[in-house]
Amino acid sequence: MAEQLNEQDLRRFEELELLEKAGIEVYPYSFNKTLSAKFILENYNDEKPDELSNVGVAGRISAIRRMGKASFFHIADETGKIQIYMKKDDLPDFYENTKLLDIGDIIGIEGFAFRTKTGEITIHARKVSLLAKCLRTLPVVKEEIDEQGNRIVYDAFADKELRYRRRYVDLIVNPDIKNTFVKRSKIISYIRKFFDEKGWLEVDTPILQTIYGGATARPFITHLNALDITLYLRIAVELYLKRLIVGGFEGVYEIGRNFRNEGMDRTHNPEFTMLELYVAFKDYNWMMDLTEELISKTALEVNGSYEVEYEGKLISLKPPFRREKMFDLFKQYTGYDLKGKSREELFEIAKKLNVEIDKDSSSMKILDEIFGAKIEEHLVQPTFVIDYPLEMSPLAKKHRSEEGLVERFELFVSGNELANAFSELNDPRDQRQRLEEQARIRAAGDEEAMVVDEDFLYSLEVGMPPTAGLGIGIDRLVMLLTGESSIRDVILFPMMRPEKNK
RNA sequence: GACCCCGUAGCUCAGGCGGUAGAGCAUUUGACUUUUAAUCAAAGGGUCGCGCGUUCGAGUCGCGCCGGGGUCACCA
């Protein structure tokens, strides 16, 4: 046993043995749960209490009030809490054993519903079964419902470290957080439904890859013993989905885990959930309309409103979203036209704007810095930033009319990037040049630059139709729609440093 | 990676001027057959994250380490 037992835990182990000695089956195989707590609370009718005269409820004990020869318990199931009334007269054989029940134990009750004289709908127990003993003391949370019906929680379980490490305890003790994860699930299933209705195909592509690509990031490295080769956990699914467009599917998407071996913070977890979608014969203008439709309809579906409060700001996801060309934004917020400027000129402008730049930064890096420092803060309401410099986007198609740019947009909300999309580059000659340029940057020491993937280039040579592609960070979308400001609060089991000496 | 803040009972937190460690809830015992943050009476429970140092004496001061949170950097 890794974790030491405290006095209270020891008592619980003792109680388990006492119950067993009393002839109680302490780990039974099933229980006939007939109704949920919520159903009973919503359907109890004072005129016809007989309708709920024989119910089976089950859940975890969340509060106990013993009054001698009668006791009140609250149990919580997935749907909520309901009060249980146990009376010695009605449980002659079992009542003594109720003293061995603790907060956290899972019990099943057979009995009838009634309303107490203080007005609470309650189950009067005819039979009580222990379903599983809780042998570890849970944080004790007390709550009160005030006259306005608001829940007031006392001594809430607040230790973030323990909440993330023992999410199961967090879910028991802070049931409200379930809503976040229920909403996460609804968001993802709505997106699936939205895409499926358009006739697009959900696919699964390799997570273990011999060559990683589709994004600029450092990978996790692993090894396949059977073939004695190095493998990488994918950093994106882009290149595989494009191969499927080459193969003749006209709309494919994947919702799955990506892995990036980089820093962790409020908006980055080493494994995160990404949505990518590729649709043949379309371009980024079409994709912008689709993205707007998807995001706004998802918000409406899960929140019943286009309005979202995020980090103290009221955000409207009602279409249409603002659309701005990247270099127009630079002009608008810095006063400078940065298009076509040399590295030296950009460096000087950054200096004048008080944006700190490393001496050896590339033009792209300088643009990125200025964007981060001067523009992002203005992109609170959803904004499509359109037409990026070519060097920033090695997989995007050259702009049809603007020299040096690609057909790309990113969607910003509350200053955060939510989506990234291109008219996909399908000229294999251009793609080869761009990947070879990446390889040069990589050779010069940038570990995050892309690797040349010959098979991907071969597939483009076989021929990929004009295609629009989209990526959305699901975790960040969930953060936006649930109002959470840390990615750890929208991932059930976020990455944590392992504990030592335990 | 840098900086700031935090780590005291199962939980939430006080104490910090260096002088034997506190509260509420939880636990145990007793009373109580419609209570609901139940109530009343009593009791037990701590390597004050870990280590080293300063000191007659460290939860408190210093240094290092571990873990967490935050800001920045890196990164989409």
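Note on naming: letters A, B, ... go to the chains in the order of the sequence lines (proteins, then strands), and numbering restarts at 1 for each one. No hydrogens, no waters, no symmetry mates; every other heavy atom, side chains included, goes into these values.
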### Task
For B:rA14 and B:rG49, measure between their P atoms and round to the nearest Å.
14 Å
### Query
Got a sec, which residues hit ring-ring contact (aromatic ring centres under 6.0 Å, His included) with A:F422, two or more places apart in sequence or on another chain?
none
### Task
Tell me which nucleotide among B:rC75, B:rU28, B:rU34 gets nearest to the side chain of A:R11.
B:rU28
### Task
Mark yes or no for whether A:E276, through its side chain, and A:V237, through its backbone, hold a donor-acceptor pair below 3.5 Å.
yes
### Query
Within this structure, what is the CG-to-P distance between A:L18 and B:rU27, rounded to whole angstrom?
16 Å
### Query
Choosing from B:rU33, B:rG67, B:rU34, which nucleotide comes nearest the side chain of A:K87?
B:rU33
### Task
Classify the nucleic acid contact of A:K117 as base, sugar-phosphate or nothing, counting any heavy atom under 4.0 Å across all strands shown.
base
### Task
Could you check which of B:rG67, B:rU12, B:rG10 has an atom nearest any side-chain atom of A:F157?
B:rU12
### Task
Report which part of the nucleic acid A:Y164 touches: base, sugar-phosphate, or nothing (heavy-atom distance under 4.0 Å, all strands).
sugar-phosphate
Please produce a list of atom pairs where a protein N or O lies less than 3.5 Å from an N or O of nucleotides 37-40 of chain B.
| unit_1 | atom_1 | unit_2 | atom_2 | d |
| --- | --- | --- | --- | --- |
| B:rA37 | O4' | A:E143 | O | 3.3 |
| B:rA38 | OP1 | A:K142 | NZ | 2.4 |
| B:rA38 | OP2 | A:R65 | NH1 | 3.1 |
| B:rA38 | N6 | A:R66 | O | 2.8 |

### Query
Counting any heavy atom closer than 4.0 Å, what does A:A215 reach on the DNA or RNA strands: base, sugar-phosphate only, or nothing?
nothing
#### Entry: Proximity to the side chain of A:L162 - top-ranked nucleotide from B:rU35, B:rC25, B:rC11
B:rC11
### Query
How far does the C1' atom of B:rG19 sit from the matching atom of B:rU55, given to the nearest Å?
12 Å
### Message
Can you give me the closest heavy-atom contact between A:Y44 and A:F114, atom names plus distance?
### Response
OH-CA, 3.4 Å
### Task
Among residues two or more places apart or on two chains, list those pairs meeting side-chain hydrogen bond (donor to acceptor under 3.5 Å, both in side chains) that have a residue in residues 45-61 of chain A.
A:D46-A:R115
### Query
Side chains of A:N420 and A:R408: donor-acceptor distance under 3.5 Å anywhere?
yes
### Message
Between B:rU29 and B:rG44, how far apart are the two P atoms, rounded to whole Å?
### Response
15 Å
### C1' gap between B:rC6 and B:rG59, integer Å
15 Å
Any N/O pairs under 3.5 Å between the protein and nucleotides 47-51 of chain B? List them or say none.
none

### Message
Applying the side chain to side chain contact (heavy atoms under 4.5 Å, CB included) criterion to A:R11, which one of A:E7, A:Q8, A:E15 satisfies it?
### Response
A:E15
### Task
Would you classify A:D159 as touching base, sugar-phosphate or nothing, given that sugar-phosphate means primed atoms plus P, OP1 and OP2, and contacts are heavy atoms under 4.0 Å?
sugar-phosphate
### Query
Using the C1' atom in both, what is the distance from B:rA43 to B:rU35, to the nearest Å?
25 Å
### Message
Could you check B:rC17 for me: syn (within 90° of 0) or anti?
### Response
syn
### Task
Quick one: list whatever passes salt bridge (Lys or Arg N to Asp or Glu O under 4.0 Å) with A:K242, sequence neighbours left out.
A:E238, A:E424
### Message
Nearest whole Å is fine: how far is B:rG1 P from A:M264 CE?
### Response
12 Å
### Task
Rounded off to whole Å, could you give me the CG-to-P distance for the A:N6 and B:rU27 pair?
12 Å
### Summary
Note: for A:R12 and A:T137 on RNA chain B, the residue whose nearest nucleotide lies more 5' is A:T137
### Query
How far, in whole Å, is B:rC13 from B:rA21 if one measures between their C1' atoms?
14 Å
### Task
Taking salt bridge (Lys or Arg N to Asp or Glu O under 4.0 Å) as the test, write out the residues that go with A:E311, two or more places apart.
A:R266
### Task
When you get a sec, tell me which of B:rU33, B:rU35, B:rA26 is the closest nucleotide to the side chain of A:V140?
B:rA26
### Query
Taking only residues at least two apart or on different chains, which pairs with a member in residues 362-371 of chain A satisfy side-chain hydrogen bond (donor to acceptor under 3.5 Å, both in side chains)?
A:K365-A:E369
### Query
Between B:rU35, B:rC75, B:rU33, which nucleotide has the shortest distance from any of its atoms to the side chain of A:D89?
B:rU33
### Query
Contact class for A:E448 vs. all strands (heavy atom < 4.0 Å): base, sugar-phosphate, or nothing?
sugar-phosphate
### Task
Using the salt bridge (charged side-chain N to carboxylate O under 4.0 Å, His left out) rule, take A:K142 and A:E144 through it: C-alpha gap first, then chi angles, then the decisive distance, then the call.
CA-CA 7 Å; A:K142 293 263 181 175; A:E144 178 182 29; over 6 Å; no
### Contacts of A:E448 that satisfy salt bridge (Lys or Arg N to Asp or Glu O under 4.0 Å) - sequence neighbours left out
A:R218
### Query
Would you say the side chains of A:E78 and A:S36 form a donor-acceptor pair under 3.5 Å?
no
### Task
Only counting residues at least two apart or in another chain, list the ones meeting side chain to side chain contact (heavy atoms under 4.5 Å, CB included) with A:R167.
A:R163, A:Y164, A:D170, A:L171, A:I177, A:F181, A:L492, A:F493, A:P494
#### Entry: Side-chain (A:R12) to main-chain (A:D102) donor-acceptor, under 3.5 angstrom
no
### Message
Taking the minimum atom-to-atom distance to the side chain of A:H268, which one of B:rC75, B:rG70, B:rU35 wins?
### Response
B:rC75
### Query
Who pairs with A:E143 by salt bridge (Lys or Arg N to Asp or Glu O under 4.0 Å), at least two apart in sequence or on another chain?
A:K81, A:R151
### Nucleotide nearest A:E369 when distance is taken to its side chain, options B:rC11, B:rC74, B:rU33
B:rC74
### Message
Using 0.5 Å steps for rounding, measure from the CD1 atom of A:I172 to the NZ atom of A:K178.
### Response
8.5 Å
#### Entry: Distance between P atoms of B:rG53 and B:rA42 (Å, rounded)
45 Å
### Message
Under 4.0 Å, heavy atoms only, any strand: does A:E14 hit a base, just the sugar-phosphate, or nothing?
### Response
nothing
### Message
Looking only at the side chain of A:Y85 (C-beta and beyond, no hydrogens), which of the listed nucleotides B:rU33, B:rC75, B:rU27 gets closest?
### Response
B:rU33
### Query
What integer number of Å spans the C1' atoms of B:rC3 and B:rA9?
33 Å
#### Entry: Between P of B:rU27 and CZ of A:F13, the distance in whole Å
17 Å
### Residue A:E15, side-chain heavy atoms: nucleotide from B:rU28, B:rG68, B:rC11 that is nearest
B:rU28
### Query
With a 4.0 Å cut-off on heavy atoms, is A:N261 in touch with a base, just the backbone sugar-phosphate, or nothing at all?
nothing
### Task
With heavy atoms under 4.0 Å as the rule, sort A:K365 into base, sugar-phosphate or nothing.
sugar-phosphate
Look for any protein N or O under 3.5 Å of an N or O in nucleotides 43-46 of chain B and output each such pair with its distance, or none.
| unit_1 | atom_1 | unit_2 | atom_2 | d |
| --- | --- | --- | --- | --- |
| B:rG44 | N2 | A:E7 | OE1 | 2.8 |

### Message
Identify the stems formed by RNA chain B, where each pair is Watson-Crick or G-U wobble with both distances under 3.5 angstrom and a stem is at least 3 consecutive pairs.
### Response
B:1-7 with B:66-72, B:10-13 with B:22-25, B:27-31 with B:39-43, B:49-53 with B:61-65
### Expected output: side-chain A:D475 to main-chain A:T273 donor-acceptor under 3.5 Å
yes
